[in-house]
There are 2 protein chains.
Amino acid sequence: MLTDRQRMILNAIVDDYISSAEPVGSRSISKRGDVGYSPATIRNEMADLEDLGYLEQPHTSAGRIPSHKGYRYYVDHLVPWNSAESAEMGTIRAFFAEKLNAMEQVIQHAALVLSNMTNYTSILLGPEVFHTSLRHFQLLPLDDRTAVAIIVTSTGQVENRTVNIPPEVSVSEMEKVVNLLNSKLVNVPLYKLKTRLYSEIGEEMQRHISHYEELMQVLDTALESDQEQRIYLSGATNMLNQPEFKDVDKVKTILDLLEETPTLLKMMAPELGGTGIQVRIGTENNHVAFANCSLITATYSLDGQALGSIGILGPTRMEYARVMGILGILSRDLTAMLAHWYK
Amino acid sequence: MLTDRQRMILNAIVDDYISSAEPVGSRSISKRGDVGYSPATIRNEMADLEDLGYLEQPHTSAGRIPSHKGYRYYVDHLVPWNSAESAEMGTIRAFFAEKLNAMEQVIQHAALVLSNMTNYTSILLGPEVFHTSLRHFQLLPLDDRTAVAIIVTSTGQVENRTVNIPPEVSVSEMEKVVNLLNSKLVNVPLYKLKTRLYSEIGEEMQRHISHYEELMQVLDTALESDQEQRIYLSGATNMLNQPEFKDVDKVKTILDLLEETPTLLKMMAPELGGTGIQVRIGTENNHVAFANCSLITATYSLDGQALGSIGILGPTRMEYARVMGILGILSRDLTAMLAHWYK
DNA sequence: CGTTAGCACTCGAAGCAGATGAGTGCTAAC
DNA sequence: GTTAGCACTCATCTGCTTCGAGTGCTAACG
């Protein structure tokens, strides 16, 4: 719908604004050289672009800045898509070179690397409990009344929970039960554990075990899956580097939001059909506090099914191209790594 | 060294400044009522206090604000010591009412409660590895090449580490070793584990076990104690509420420092002889960035030996009385809880 | 002699006026 | 279709003034 020249100018404006954070005027676009027109011509086009809603003017005699619609167009049509062989590649690959074992560590480290590379805030969502399964279950007695329930998942995570053991239950009985669980529940997805516990094992347990009720209660709390999905944040204070957040109040509302796990979860939850890289600009994140922020997310997956997501939060004036490139590489590599993990 | 009246006035000034964050003038002190003198008299005393170094003037015709020395005097001699039965007590006790099991959870929760109650930043240092001992050791095989080493400590913490098992070592051998470890190393302090491993068990193992070298290597990484002591931060963004930190740059350096674990460790490390509540004002924290901050810390202990510490970081203009009261109560209760924990 | 009233003085904060200049929109010429 | 020229706008900067909170000093008071 836009002419080539309009696209070119819009592109130049967004680029300029991204790096300068100042409204950009017709003269500075003209001087850049890559748009070979005089300021006047550019002014005309800018006026048109403003009418079409791609640009905004903070006030009459200031330069133009991209509107949300402008950013959207930029992201959808103009981003220089140099995902191929970027300089970033090296850093990311180097990060994978360190041998890291448990999935959790990988994710945590990735968050750090991301925020350092981009100077924005990175948000990583751990592999969903949804798709991980039980690899091993164990009860370690601490004393005669308490024990630690240990759940090892297929991604190598180890979760533990302290449980109270009712006095009536004997150690040998506990052992029997644990063996039963390990033989029957291994490879069952975590979120199905509790239902399977009742449906498949209940009957058998009732036959062999006294104090069925009490034991079930213990197991129930033991298998309580760590509902709060792991979220890893890194570089939250990078927000403070951005000139648009030099107002403490604004930044405070954002940082406060970042401490609320549920909000983050909602934001980061992988879109249903959404594969590839998603960009949500300004109000597209459904939160007023993020009106001046953009969130770029990608998912990593196994067998084509999204397992978790990685994201970068920054100002709407964000280095979309670079960040999208980095996220693309990282999500691909994470996916590859997962596949390898499962052999 | 100060006269009663000077003390009274200093106290009034600090109190006023703590709640208003504005330089306080002679008139406002006089109007408060609790100092029954005219502004002129108070002015004279203020001039003296300034000469003595307890007060400062931001500029000639502004009110006075307490100097570091003034805060120090206030904290040492003037803080209304109402630790007895404060309203805070309820909140803290309520927090302990929830039954919480593992030490780790308790600490984490305490950090949250502290920052919420005070509106400052809370920093908690977990129980030192130094004084916790091994309660149980376990190796869970994941597949034929890897296993999870699980260490349960006397404080109920569960640490886990993934280790690679050399192909030459058989499962039954591993079991033998684990049993040996459990029979010999339980109740040994964590930091002594590795030396004990070599001194006491090495010999015996060499007799019964083939592939001694390889196994030792596995155990060595498995017992590697989680060097980085656990630090729990809460309410870091509360810093942004303080008017003295409305300048983004200042707050950024502080928040950045708070993300550096080593720095925090150094700051929070329990003082050697120091028992009770410690207050470090401004530059007494050895960090320029904390020049405008005060850190109040207390320790919790077992058998008279400090295990960890709890602290509140806020502006030098801080509600010392309240915070010190809260920290006092909480540290006492944590200590009591620990004693109970060990029975 | 300690306390207080009075007063001149200081100095930052707030408000205002004019200058500056980046940037625009429009018109007319190329 | 493009561009040069020009009048116009408006945020920002600067210097100036005013205002007032607060001081220090002196002298008077009980």
Table of protein N/O atoms under 3.5 Å from nucleotides 28-30 of chain D N/O atoms:
none

When you compare the side chains of Asp256(B) and Thr237(A), does any donor N or O come within less than 3.5 Å of an acceptor on the partner? yes

Could you check Ile296(A), Thr316(A), Leu295(A) and say which one makes a side chain to side chain contact (heavy atoms under 4.5 Å, CB included) with Ile281(A)? Thr316(A)

Report yes or no: do Asn241(A) and Tyr120(A) form a side-chain donor-acceptor pair below 3.5 Å? no

Between the side chains of Ser294(B) and Tyr320(B), is a donor N or O closer than 3.5 angstrom to an acceptor N or O? yes

Is there any protein nitrogen or oxygen under 3.5 Å from a nitrogen or oxygen in nucleotides 19-22 of chain D, and what are the pairs?
unit_1, atom_1, unit_2, atom_2, d
dG22(D), O4', Ser61(B), O, 3.4

Answer yes or no: are there more than 12 heavy-atom neighbours, outside Lys69(A) itself, under 6.0 Å from its atom NZ? yes

Determine whether more than 12 heavy atoms belonging to other residues, nucleotides or ligands lie under 6.0 Å from atom CG of Asp4(B). no

When you check the gap from the basic side-chain N to the acidic O, do Glu56(B) and Arg64(B) get nearer than 4.0 Å? no

Counting only heavy atoms not in Arg27(B), do more than 12 sit closer than 6.0 Å to its CZ atom? no

Determine: side-chain N/O of Arg5(A) to OP1/OP2 of dT2(D), distance under 4.0 Å, yes or no. yes

Whether Lys252(A) and Asp249(A) form a salt bridge (side-chain N of Lys/Arg under 4.0 Å from carboxylate O of Asp/Glu) is what I want to check. no

Going by side-chain hydrogen bond (donor to acceptor under 3.5 Å, both in side chains), name the residues that satisfy it together with Ser331(B), two or more places apart in sequence or in a different chain. none

At their closest point, which heavy atom of Asp247(A) faces which heavy atom of Val248(B), and how far apart are they? N-CG2, 4.4 Å

Dot-bracket for DNA chain C: what is it, with Watson-Crick or G-U pairs under 3.5 Å, [ ] where a pair crosses earlier ones, and | for a pair to another strand? ||||||||||||||||||||||||||||||

What ring-ring contact (aromatic ring centres under 6.0 Å, His included) pairs are there with at least one residue in residues 33-66 of chain B, not counting sequence neighbours? Tyr54(B)-Tyr73(B)

Give the intermediate values and the outcome of salt bridge (Lys or Arg N to Asp or Glu O under 4.0 Å) for residues Arg72(A) and Glu284(A). CA-CA 10 Å; Arg72(A) 171 54 58 198; Glu284(A) 294 172 20; 2.6 Å; yes

Answer with base, sugar-phosphate or nothing: what part of the nucleic acid does Thr60(A) contact at a heavy-atom distance below 4.0 Å? sugar-phosphate

Using a heavy-atom cut-off of 4.0 Å to chain B, what are the terminal contacting nucleotides of DNA chain C, in 5' to 3' order? dT3(C) to dG12(C)

